Every structure is written in structure tokens, then in C-alpha cells.
Amino acid sequence: MIINHPLLGSRDSSEFVYLGDASLIDRPDWQAEHAAEAFYDYAYLRDNPAGEHRELWFHEGGDRSWLVVTRNTVTHEISKVELARDVARAQGRSK
Amino acid sequence: MRYSGFKVIKEALTGHKGWKPVWRDPEPKPHYDIVIIGGGGHGLATAHYLAKIYGHRNIAVIEKGWIGGGNVGRNTTIVRSNYLLDGNEPFYEFSLKLWEGLEQDVNYNAMVSQRGIINLIHSDAQRDAFTRRGNAMILNGADAELLDAEQVRKEYPFLNFNDARFPIKGGLAQRRGGTVRHDAVAWGYARSADGFGADIIQNCEVTGFRIEDGKCLGVETSKGFIGAGKVGCAVAGNSGRLMGMAGMRLPIESHVLQAFVSEGLKPVLPGVITFGAGHFYVSQSDKGGLVFGGDLDGYNSYAQRGNLPVVEDVCEGGMALMPMIGRARLLRMWGGIMDMSMDGSPIIDRTDIDGLYFNGGWCYGGFKATPASGHCFAHLLARDEPHPTATAYRFDRFRTGRMIDEKGMGNQPNLH
Ligand SMILES: Cc1cc2nc3c(=O)[nH]c(=O)nc-3n(C[C@H](O)[C@H](O)[C@H](O)COP(=O)(O)OP(=O)(O)OC[C@H]3O[C@@H](n4cnc5c(N)ncnc54)[C@H](O)[C@@H]3O)c2cc1C
């Protein structure tokens, strides 16, 4: 698989380390009332779709940026690559 | 029809005209006591034990393709019970004992071959860890033997003992481990279950569940609605997809694992060797091909094929361990979809939906579990309580922190 890195262009997927579902960006608030339940959900449960999947890849053998890759889990086709930083900011994760 | 040596001779003398189809090809009935989804090893074994041990006859196995087309026909056929943790080892040893009696139990030749398995050791720390594991195995009634480098050399003189990074310093052997002809396991269990009256319905895909007031009443399929008193799901890599139809999210990700076979060679490998440090393991099939594999590709996948970086990685592992493998040609390779759980261990449990039961999360090691998984799932379906060897395989262990994490990797399925 070739991952089209937003900053570095086409890179072989073997330069990357895979983490998993991009929902891992949405870390729950540890002080919220139902935090334990929210963390159980966050840490262990997955949608695991057959089809389009947004997922986190780390460019370990490159610029060490985190990417959100949209990839089809049935065909392995990659349709979109974003910097995880941009995705997280757009979701209001940090300033 | 019973199979025997006598029957083979009789058929040979009469032109092989008396062999019959090994199982029927029935249309689904409107209602069964128990419906099992998934005609892989686990689903078919469940049907066999439900019938034979728990006396259920009005049951069906529903398979979307043909039986044996999933992981049961794609794995590298290794069976063993060399686990460390309490939740696992009694279950896998129960399974190995069932393998030892399988062919008589189902009256089918599954080529169960206890040719032994050796996990290689490269360092003092690893020897300590394997010594502990061996002791845990022995405490649970399994067999284990610690070998030094010379003992390994006697059995496998051609291995690369002086590799600069991973010199071979010994091994943990389980002599009762080995290989089993995987397709024959599916066929043998199918034939036995069919003989007890279970319907094996192929080319019938489950497309949904009928759930009313928190109770599962049956399944919607490509051949119409099939009612059921209880429904058991055993669809391995498709677990997430199937349980999603019942509104459930699972502690499971689907990943692809590849396997490889070389051209046929004269006998060279007497048993199974695992080179964990190099992400490589190998055995030799009775046809002569070297059967080998390594790690997961590492990303979520429902494609039954992998990518080239892992092919390279596995072949490098092979070259590092037994350089002569480079002289053999690679004949075939394929992939299967693994139901990778969050702690690397399986689930055999009820769900929150009445009448709906789940069996999955087998990761890359569910073939060896086939007999015990079938037996324990049948027990759960028949009695509504877990089998004594499978009490730890609960859904709620992730919520309560009772993980069974053999590798100590945490909630990252692609690392188990
Ligand atoms: C390359 C590879 C190597 C492996 N090596 C080993 C090994 O050496 N030792 C070991 O112990 N394990 C090994 N495994 C793991 C082992 O094969 C699996 O854990 C085990 O086979 C899974 O259980 P099963 O046989 O029931 O799965 P499957 O055979 O996959 O059965 C599941 C069935 O469910 C069906 N299904 C799915 N969705 C539906 C639906 N909606 N409706 C109806 N039917 C459906 C599928 O078509 C499939 O036939 C390996 C796996 C792979 C891929």
C-alpha cells in the first residue's frame, strides 16, 4: 500500500506503524461522571467496519507525524490522508 | 456409513461405487431448537458436540459459502497447548486431549499427527520465561520439555545456530503438539453432525437477526427467515460484521494473516518449529510442502489477501532460521481474516440479547482450539452455563479488568 503523505508525498506503508481506529483521538474526559464506562468503550470496543475505515498511522520511518488515513478494509484502497493534528484541531481537541 | 479399513478394501474391489456424499444438502426448516451461524471448524464442532454429548438433534449450521472455505481451510494446521495463563491453559489442554481422540470420536481420518513443536530460545531471559511457561503447562496436565542447544541440534541440525542477532540457545518442546489436516476437521465434524440429524445449510448468508423485546427469535438469511430457540454465532473474522447486525460493538478488530507453501520436498522437517523472535514458524505437510507463516499484516482488513512487505518479512525470517529454505520455490500464498481480540484471548459467552450467544476472538490461534471451542460452546448453548474450562472467556472481562493477555501487549490487537 502507498500512503499519500500530505507533507512528504507517496510513501510505502511499511515506513509506518499502525495504531487503529481514528476514534482513538477522542479520548474521554477522565473527570466526567461516567468516565469509567466511557474509557471502557474507548479502550476496548470497535466499530470494525468492512468498508471505509478512518485509522491512525504513525510515520515512524519518516517525519514521525501521525496521519488519519481513510482506507477501505475490503479493497485496501486509500481514499484520503490527513494530518492527525489537523483532524484533532478541527474537532476542538487542542488549541 | 461407517468408514473402516475393511470398507476401503471392499470399495477398491467393487469399483468404488458404494461411496455416498459425506453430508446431506438440505433446505432450511422453518424452525430449529438451535441455529449456529458459521460453518467453520468451530461452528461444525459445536453441532457435533451438541448432538453427541448434549443430545440435541433439531439443530442447523448456516454457512454463507461452503464449509471449510474460511479460516479452518486457510490455517497452518498447528495444534498445541503451550499457554501460560490460568484462563487459557486448561482450555487448550482440554482441546489437545480432544484432538487425541478426535478421529475415533467422529470416525473420520483427520491425519492428527503429534510430531511435536519446539519454540526456540535465544537468550537467558527467554529461557527463564519458557521455563515458567513449561512449568505452568505441566501443572495443568500438559507435557513440556526444556531443551538445550545440543538437543535442538540433534533434531534440527540444519538450523542457523550461530545467527548474530538470535543465536539458538535451546527450545521449549511440547511432544504432544503437532499438525492436523485442517479441511478434514471441517468435513469430519460436518459428517458426524449430519449423521445425528443436524442440517448443514451451505450458500446461505445470515443478513440479520429478528430481535423482539430483547429476545432473539431467529435469523434473516438469503434463504428467508429461520426461527430458532437459540442462536450461536461462530463466524471468526466476520464477528464484528455479524454482531453489528444485532447492534453490538465487540472488543475485536479484523486483521489479515498470510500463509505460504513451498514446492513439495523430501521429508526434511520432522516437527513444527517456531522462531518467535524472527516472526517465522514452519512445518512440513505430508505432501512435502514447507508450510510457513509469520506476523499479521497489522492493519484492519476484511480482504482475504495481504500485502508484499509481510511476504518479505516472513521470507527473511525463514532465511535467518534455516538458510536452505532459500533453495525452495514458493508455490502458493493466501490470507485469512482473524478475529483479533483486545487481549489476544477468545470469548465464549452469552450476549445481553436473550437467546443470542457468541463465540469468537480466536486471533491467529483458533484452529488448535476447534474441538474444545465446539465442546464448550455446545455446553453453553445446551446448559446456559459456561463449561468449566471456559469460565474466563467472558465479554465483561474487558470492563472488569480481568484480561487474559498472554503476550502482555494491552489493548492493541495487531500486536498480540
Ligand atoms: C493464515 C492462517 C494461519 C493460521 N494458523 C493457525 C495455526 O497454525 N494454528 C491455529 O491454532 N490456528 C491458526 N489460525 C487460526 C484459525 O484458523 C482460526 O482461528 C479458526 O479457524 C477460526 O474458527 P473457524 O474455523 O470457525 O473459522 P472459519 O473457518 O473462518 O469459519 C467461519 C465461517 O463463518 C462464515 N460466515 C461469516 N459470516 C457469515 C454470515 N453472515 N452468514 C453465514 N455464515 C457466515 C464464513 O463463511 C466462515 O466459513 C490461522 C489462521 C490463518 C488465516
Side-chain angles (χ1 to χ4, degrees), chain A residues 1-5 10-28 34-62 66-81 84, chain B residues 235 237-245 247-256 295-313 316 335 337-344 347 360-361 395-403 405 409-416:
Chain A
M1 290 186 294
I2 300 291
I3 295 178
N4 216 343
H5 192 300
S10 310
R11 313 299 308 185
D12 193 296
S13 65
S14 55
E15 292 177 6
F16 294 79
V17 174
Y18 179 82
L19 183 65
D21 196 308
S23 68
L24 291 169
I25 291 175
D26 309 320
R27 195 181 180 80
H34 301 292
E37 189 60 24
F39 267 100
Y40 159 67
D41 201 286
Y42 168 82
Y44 297 115
L45 301 185
R46 297 287 180 269
D47 289 340
N48 194 21
E52 208 159 85
H53 189 226
R54 292 181 80 229
E55 53 201 25
L56 286 163
W57 292 73
F58 176 57
H59 200 190
E60 186 175 47
W66 282 95
L67 304 182
V68 174
V69 175
T70 306
R71 191 179 55 95
N72 188 312
T73 58
V74 178
T75 62
H76 296 162
E77 188 193 356
I78 294 172
S79 52
K80 192 171 179 188
V81 184
Chain B
V235 297
N238 282 292
S239 293
R241 219 186 320 195
L242 184 72
M243 301 317 279
M245 297 176 196
M248 287 178 68
R249 290 171 82 225
L250 303 179
I252 287 176
E253 283 178 6
S254 295
H255 283 258
V256 59
D295 272 356
L296 296 172
D297 270 42
Y299 42 81
N300 285 46
S301 176
Y302 282 90
Q304 286 174 317
R305 60 192 155 71
N307 276 300
L308 290 171
V310 166
V311 179
E312 191 177 16
D313 185 58
E316 282 170 359
I337 302 306
M338 317 281 59
D339 33 341
M340 297 301 300
S341 70
M342 287 287 161
D343 61 358
I347 296 160
F395 269 116
D396 68 3
R397 69 173 185 267
F398 300 97
R399 181 178 266 130
T400 58
R402 292 179 174 78
M403 252 61 79
D405 191 344
M409 286 300 182
N411 61 342
Q412 224 192 308
N414 62 346
L415 298 182
H416 284 292

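Here is how names work: the chains are called A, B, and so on, in the same order as the sequence lines, proteins then strands, and each is numbered from 1. All figures in this text were calculated on a predicted structure; none of them were measured in a lab. In what follows, every heavy atom counts, from backbone to side chain, and hydrogens, waters and symmetry copies are set aside.
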task: Using modelled atom types only, decide if a donor and an acceptor are shared between the side chain of B:N300 and the backbone of A:H53 within a distance under 3.5 Å.
output: no

- prompt: What distance do A:M1 atom CE and B:S301 atom OG have between them, rounded to the nearest 0.5 Å?
  reply: 8.0 Å

statement: Of B:R399, B:E253, B:M248, the largest count of non-hydrogen pairs under 4.5 angstrom with chain A goes to B:R399

query: Side chain, backbone, both or neither: which part of B:M340 has a heavy atom under 4.5 Å from chain A?
result: neither

message: So which residue, B:M342, B:R249, B:Q412, ends up with the most heavy-atom pairs under 4.5 Å with chain A?
response: B:R249

- prompt: Among B:L250, B:D339, B:I252, B:N238, which one satisfies side chain to side chain contact (heavy atoms under 4.5 Å, CB included) with A:N48?
  reply: B:I252

- prompt: So which part of A:N72 gets closer than 4.5 Å to some heavy atom of chain B, the side chain, the backbone, both or neither?
  reply: neither

- prompt: Do B:D343 and A:Y44 have side-chain N/O donor and acceptor atoms under 3.5 Å apart?
  reply: no

message: I'd like to know whether CZ of B:R402 has more than 12 heavy-atom contacts from other residues, nucleotides or ligands below 6.0 angstrom.
response: no

task: State, without any angle test, whether B:D396 and A:Y40 hold a side-chain donor-acceptor pair at a distance under 3.5 Å.
output: no

- prompt: Is there a side-chain contact between A:D12 and B:P309 (heavy atoms, below 4.5 Å)?
  reply: yes

query: Which heavy atom of B:R305 sits nearest a heavy atom of A:V74, and at what distance?
result: NH2-O, 4.0 Å

- prompt: Can you check whether B:G240's main-chain N or O pairs, donor with acceptor, with A:R46's side chain at less than 3.5 Å?
  reply: no

- request: Verify, without hydrogens or angle tests, whether B:Y299 (side chain) and A:T73 (backbone) share a donor-acceptor contact under 3.5 angstrom.
  value: no

- prompt: In terms of heavy-atom pairs under 4.5 Å, which option from B:E312, B:Q304, B:M403 contacts chain A the most?
  reply: B:M403

